[in-house]
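Here is the structure we will look at, set down as structure tokens.
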Amino acid sequence: MAHALKPSTDLANRIARAYPLLSNGHKRIADFVLAHPLETATASIDGLADRSQASNATVTRFVRVLGFASYGEFRAALSAALQLAMRPVDEFADARAMADTPAATFIAALKMQRANLDEAIAGLDPASVAAVVDTVLAARRIFIVASGASHPIASFIEDGLALYCEADVVFATARGGPERAYRHLNSAASGDVVIAISVPRYSRTTVQLATHSQAKGARLICLTDAPTSPLAPLADHVLFAPARNPLLPNSPTAIFALADALITAVARERPDAVQALKDLSRSLLWTFQH
């Protein structure tokens, strides 16, 4: 939906955090708000109650569950969320108007990715990195959750960690939609690790699956772009890399580099990493020869 509210704002973060504990009536309101934010922002409390098949009292309780003192305060936060959600569109229009030649645009995009990588490196905390690597190595099973622009990163992590980890590695959202992913994650428990990846514009499904898996007792590692990401407050461990792009809503390049670095660090810590590579090389050689 073109105007669906993306979880890139404080309001969407509040809804994502509260969603697993909401009543069915409150969930209907939350679903309507997330799917129809523009209509909600201009609706009276009576209008929202009618469209979400709830009572005025239920709407009032819903906004208070989210931490707002009144429906008016809730609508003001929603208006601010819409402005933020439309910012990439405005920035795209501005950047396109300023672009010189295709080569200039090309170079500007590469420079932005270099800046994203530099910022990611500068923001790394050695203790946090060590904790992430230790958590991955100690995992009984590893589930990976991602969609959209983050999907290729998740596939890359699945292949890399499957080679260097003794744990089973499952890309839960690889195919079959959210229903299949929930079936995977319903078995998550203490000792399991979920790696959730999302960049602007964030995936609500990824946020919900991350929340669900953590409620099941799994440890949650998140790869995302900034502390304002809806994944950040959910994570046991989080690694950040900016996802800015001069013309696009996001760029997963620096997050991809984080994934590469994570696999590399895990490989180094595995005692038999060299033997694992030798075994893989022999398998590939046999495949090519036969």
Side-chain angles (χ1 to χ4, degrees), residues 1-95 147-149 178 196 198-215 220 222 224-235 238 240 242-244 248-250:
M1 184 171 298
H3 297 292
L5 181 63
K6 305 298 180 179
S8 56
T9 64
D10 176 64
L11 174 58
N13 291 349
R14 293 191 195 196
I15 294 176
R17 288 194 295 267
Y19 196 89
L21 302 177
L22 294 179
S23 67
N24 289 335
H26 287 172
K27 283 182 178 179
R28 286 198 303 271
I29 299 171
D31 291 340
F32 183 84
V33 170
L34 290 169
H36 307 281
L38 184 59
E39 184 175 344
T40 304
T42 57
S44 65
I45 189 170
D46 294 330
L48 178 56
D50 181 63
R51 291 302 305 274
S52 59
Q53 299 180 343
S55 66
N56 288 18
T58 303
V59 173
T60 299
R61 288 193 294 270
F62 169 72
V63 300
R64 287 177 178 169
V65 166
L66 297 183
F68 297 106
S70 66
Y71 184 72
E73 185 177 305
F74 163 77
R75 284 209 312 179
L78 181 55
S79 296
L82 285 170
Q83 291 177 0
L84 182 59
M86 292 303 295
R87 187 177 299 167
V89 178
D90 296 335
E91 290 176 350
F92 177 88
D94 292 343
S147 63
S198 195
V199 297
R201 307 179 174 207
Y202 308 103
S203 163
R204 179 162 57 122
T205 297
T206 297
V207 174
Q208 292 173 340
L209 289 169
T211 302
H212 176 73
S213 62
Q214 196 173 46
L220 181 61
C222 294
T224 190
D225 66 307
T228 53
S229 164
L231 286 178
L234 304 175
V238 60
F240 296 114
R244 295 186 295 267
L248 304 179
N250 63 57

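Not measured: the values here are computed from a predicted model.
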statement: From the list Thr58, Leu21, Ile15, side chain to side chain contact (heavy atoms under 4.5 Å, CB included) partner of His26 resolves to Thr58
OH on Tyr202 to CG on Leu231, rounded to 0.5 Å: 8.5 Å
field: Within 6.0 angstrom of Arg51 CZ, more than 12 heavy atoms from elsewhere
entry: no
Gap between atom OG of Ser147 and atom CZ of Arg204 - 0.5 Å precision: 11.5 Å
- request: Supply the atom-to-atom distance Ile45 CD1 to Asp50 CG, rounded to the nearest 0.5 angstrom.
  value: 12.5 Å
- line: Between Ala41 and Leu78 the two heavy atoms that sit nearest each other are N-CD2, 3.4 Å
- prompt: Less than 4.5 Å apart, any side-chain heavy atom of Asp225 and any of Phe240?
  reply: no
task: Determine, step by step, whether Val59 and Phe74 satisfy the side chain to side chain contact (heavy atoms under 4.5 Å, CB included) criterion, reporting the C-alpha distance in whole Å, the side-chain angles of both residues, the deciding distance to 0.1 Å, and the verdict.
output: CA-CA 11 Å; Val59 173; Phe74 163 77; over 6 Å; no
- line: Nearest heavy-atom contact between Tyr71 and Ala43 is OH-O, 3.0 Å
task: Kindly indicate, with the supporting measurements, whether the criterion side chain to side chain contact (heavy atoms under 4.5 Å, CB included) is fulfilled by Leu66 and Glu73.
output: CA-CA 11 Å; Leu66 297 183; Glu73 185 177 305; over 6 Å; no
- prompt: How far apart are the C-alpha atoms of Phe32 and Ile29, what are their side-chain angles, what is the distance that settles it, and do they pass the side chain to side chain contact (heavy atoms under 4.5 Å, CB included) test?
  reply: CA-CA 5 Å; Phe32 183 84; Ile29 299 171; 5.8 Å; no
task: Drop me the distance from Cys222's SG to Gln214's CD, to the nearest 0.5 angstrom.
output: 8.0 Å
Approximate separation, where rounding is to 0.5 Å, of Arg75 CZ and Ser70 OG: 10.0 Å
statement: Output for pair (Ser23 OG, Phe62 CZ), nearest 0.5 Å, gives 9.5 Å
message: Does Val207 form a side chain to side chain contact (heavy atoms under 4.5 Å, CB included) with Tyr19? I'd like the steps, not just the answer.
response: CA-CA 10 Å; Val207 174; Tyr19 196 89; over 6 Å; no
query: Can you check whether Pro200's main-chain N or O pairs, donor with acceptor, with Asn250's side chain at less than 3.5 Å?
result: yes
message: Heavy-atom count check: over 12 atoms from other residues, nucleotides or ligands less than 6.0 Å from Gln53 CD?
response: no
Any side-chain donor near an acceptor of the partner, Thr206 and Ser198, under 3.5 Å: no
